[in-house]
Amino acid sequence: MATMQSVNPATGEVLGRFEELSDAALEARIARAAETFRTWRRRPFAERAALMVRAAEVLEQRKEHWGRTMTLEMGKTFKSAVAEAEKCAWVCRYYAEHAERFLADEEVKASATRSFVHHLPLGPVLAVMPWNFPFWQVFRFAAPGLMAGNVGLLKHASNVPQSALAIEEIFRLAGFPDGCFQTLLVGSSRVARVLEDDRIAAATLTGSEGAGAAVASTAGRVIKKTVLELGGSDPFVVMPSASFDAAVSTAVTARCINNGQSCIAAKRFIVHDRIYDRFEREMVRRMQALRVGDPMDPATDVGPLATGAELEKLTHQVDDAVRAGAKLLLGGRPQAGKGFYYPPTVLAGIPRGSPSYREELFGPVAMLYRVKDVDEAIAVANDVPFGLGSSVWTNDEAERRRFVDDLEAGATFVNAMVASDPRLPFGGVKRSGYGRELARDGIREFVNVKTVVVQELAAAAPRSATE
């Protein structure tokens, strides 16, 4: 069988090699999931919740351990990796507390004696997950999915096998039944075969457009539910009435969070002409001040990109933008030496005809655009195939209403950075995918929303003994 490697992006060192599952081992895991589902779906919410709280405790008690696994394997700063483990514990506790209420029967007044909506789990759900938030992306599916009575099968990105196995271990340490959550160490070429299996009920994917299209196509052929959270090229709009210092400070954070490798990171900074020059100068100054280095060092702001392939892709995208006429204000060249480092970079005036104008740049590269008014700001913000998140900075109430109504995005944050929160639904429109994760909407994506109608009829009179 093929093997997958865990590589430290800060050094290029191979941390470990992991053999893919054989066909027989893969079949055994799918069979185990199907068998476990039959009993897990009937476990009371209170029992599921107790186990989910225990998973939160396992995450919290060993957060530095899990954080180190994430940092060494995909390069995020250690402090952000520890915070990611803490956020995973939060989503576990959130659904332990709220799942039963979210899935409670809903009475509906209709013509029958009683009508109500009943929510039932679907079965084993395949989760195809990315490397950039190797724990959080998985737990925001797993916590609601398991609390709803489903079981999970994880096909994680091939460059984070240690994280994938660690998540399976967390659920095992928490006491979940064997088969409730399993990791499948398989390559992308075997995803279709798993999804086509009759025992798999549905799939969720977070990743690239290409990966989403492939999974959606396969699921469509076999008529199975999917939720897709794909790429984003989020706009960050700054208007003259904004609190300038807060806006520019947040802009730098929003662009470079997770080393710039986040679907909901702000990527396109759309700034009103009256304040553009000042914003550009300050953005460049603050991006230049960021410290690039060892992600295990607490003083590091920006670590390496996750893989050599990601570094090569980003380098080509920036080079293409500059060749097309974009102005390079900062950075723009990979860092020499070991590791997959790309420095904070700022581009301005990206021509509309440049591929980078419409593509997602996955790394610490900010693209600046000058606009003359709110209409042009909205037009530029919407002029990409994506529609995941959006951040707008204005203290003008009329402008706020325009942005909230007219920006084509699954979320609009006003005077705040886009971030996922267990209490709020998360997802996109356009080529950023469909369906929602988190909150009540997320847990209801993978349930059978069953209509139940009960009509009480008068009982027939008993017959007499002589009849």
Side-chain angles (χ1 to χ4, degrees), residues 77 80 232-262 264-293 299-305 311 313-336 340-352 354-357 359-372 376-377 380-381 384 390-394 415-418:
T77 63
S80 69
S233 189
D234 285 8
F236 188 104
V237 182
V238 187
M239 301 299 287
S241 66
S243 301
F244 183 88
D245 287 341
V248 73
S249 175
T250 305
V252 173
T253 301
R255 175 59 285 217
C256 295
I257 190 170
N258 205 44
N259 305 340
Q261 300 168 122
S262 171
I264 55 170
K267 299 183 176 78
R268 297 177 299 127
F269 299 85
I270 300 164
V271 185
H272 193 282
D273 181 68
R274 292 211 323 251
I275 57 171
Y276 176 88
D277 291 336
R278 181 185 172 201
F279 186 93
E280 180 185 276
R281 287 193 302 271
E282 192 62 19
M283 183 83 175
V284 169
R285 186 185 71 81
R286 295 187 186 218
M287 290 281 281
Q288 191 170 28
L290 295 174
R291 179 169 175 176
V292 179
T300 293
D301 298 306
V302 179
L305 299 186
L311 177 62
K313 179 182 178 181
L314 185 64
T315 301
H316 285 319
Q317 287 176 309
V318 172
D319 289 347
D320 286 347
V322 173
R323 278 194 295 268
K327 185 178 180 182
L328 181 64
L329 303 178
L330 178 70
R333 292 288 182 272
Q335 185 169 298
F340 311 132
Y341 287 93
Y342 198 91
T345 295
V346 181
L347 296 170
I350 300 91
R352 195 170 185 273
S354 167
S356 298
Y357 182 92
E359 293 174 343
E360 177 181 30
L361 271 62
F362 223 52
V365 179
M367 297 182 285
L368 273 56
Y369 299 85
R370 185 194 300 261
V371 294
K372 64 180 182 296
E376 188 178 9
V380 172
V384 293
S390 56
S391 178
V392 298
W393 292 75
T394 174
N415 297 333
M417 186 177 79
V418 178

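All values reported here derive from a predicted model rather than from experimental measurement.
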Undergrad: Using side-chain heavy atoms (C-beta onward) and a distance below 4.5 Å, is R370 in contact with L368?
TA: no
Undergrad: Indicate yes or no for a side-chain donor-acceptor contact from S80 to the backbone of T77 under 3.5 Å, with no hydrogens or angles considered.
TA: yes
Undergrad: In Å and rounded to the nearest 0.5 Å, what is the CZ to CH2 distance from F279 to W393?
TA: 9.5 Å
Undergrad: Side chain to side chain contact (heavy atoms under 4.5 Å, CB included) between S356 and L361: does it pass, once the steps are laid out?
TA: CA-CA 7 Å; S356 298; L361 271 62; 4.2 Å; yes
Undergrad: Is the backbone of S233 close enough, under 3.5 Å, to the side chain of E360 for a donor and an acceptor to pair up by distance?
TA: no
Undergrad: So which atom in L290 and which in C256 form the shortest heavy-atom distance, rounded to 0.1 Å?
TA: CD1-SG, 3.6 Å
Undergrad: Name the atoms and distances for all side-chain donor-acceptor pairs under 3.5 Å in residues 242-254, with sequence neighbours left out.
TA:
from, atom 1, to, atom 2, distance (Å)
T250, OG1, A246, O, 2.7
T253, OG1, S249, O, 3.4

Undergrad: Rounded to the nearest 0.5 Å, how far apart are CG of L347 and CZ of R268?
TA: 13.5 Å
Undergrad: Please check if the side chain of S390 supplies one atom and the backbone of P235 the other of a donor-acceptor pair under 3.5 Å.
TA: no
Undergrad: When rounded to the nearest 0.5 angstrom, what is the spacing between CZ in R291 and CG in D301?
TA: 8.5 Å
Undergrad: With rounding to the nearest 0.5 angstrom, report the OG1 to NE2 distance, T394 to H272.
TA: 10.0 Å
Undergrad: When you check the gap from the basic side-chain N to the acidic O, do R333 and D319 get nearer than 4.0 Å?
TA: yes
Undergrad: Please determine if E282 and R278 form a salt bridge, counting it only when a charged side-chain N lies under 4.0 Å from a carboxylate O.
TA: no
Undergrad: For a quick test of reading the model, state the closest non-hydrogen atom pair linking L311 to P334 and the distance between them.
TA: CD1-CB, 4.1 Å
Undergrad: Which atoms form the tightest heavy-atom contact between A348 and E280, and what is the distance?
TA: CB-OE1, 3.9 Å
Undergrad: Quick one: does K267's side chain have a donor or acceptor within less than 3.5 Å of a partner on G232's backbone?
TA: yes
Undergrad: Rounded to the nearest 0.5 Å, what separates atom OG in S241 from atom CD1 in I275?
TA: 8.5 Å
Undergrad: Kindly compute the distance separating OG1 (T315) from CG (L305), expressed to the nearest 0.5 Å.
TA: 8.0 Å
Undergrad: Compare every heavy atom of P364 with every heavy atom of N259, then report the nearest pair and how far apart it is.
TA: O-CD, 3.3 Å
Undergrad: Taking all atoms of both residues into account, what is the closest heavy-atom pair of V292 and Y341, and its distance?
TA: CG1-CD2, 3.6 Å
Undergrad: So does G332 get a backbone contact from the side chain of T345, meaning a donor-acceptor N/O pair under 3.5 Å?
TA: yes
Undergrad: Between I257 and S262, what is the shortest heavy-atom contact and its length?
TA: CG2-CB, 4.3 Å
Undergrad: Using side-chain heavy atoms (C-beta onward) and a distance below 4.5 Å, is Y357 in contact with V380?
TA: yes
Undergrad: Looking at R255 and V365, would you say the former's side chain and the latter's main chain have a donor-acceptor pair under 3.5 Å?
TA: yes
Undergrad: Taking side chain as C-beta onward, heavy atoms only, is V238 less than 4.5 Å from F269?
TA: no
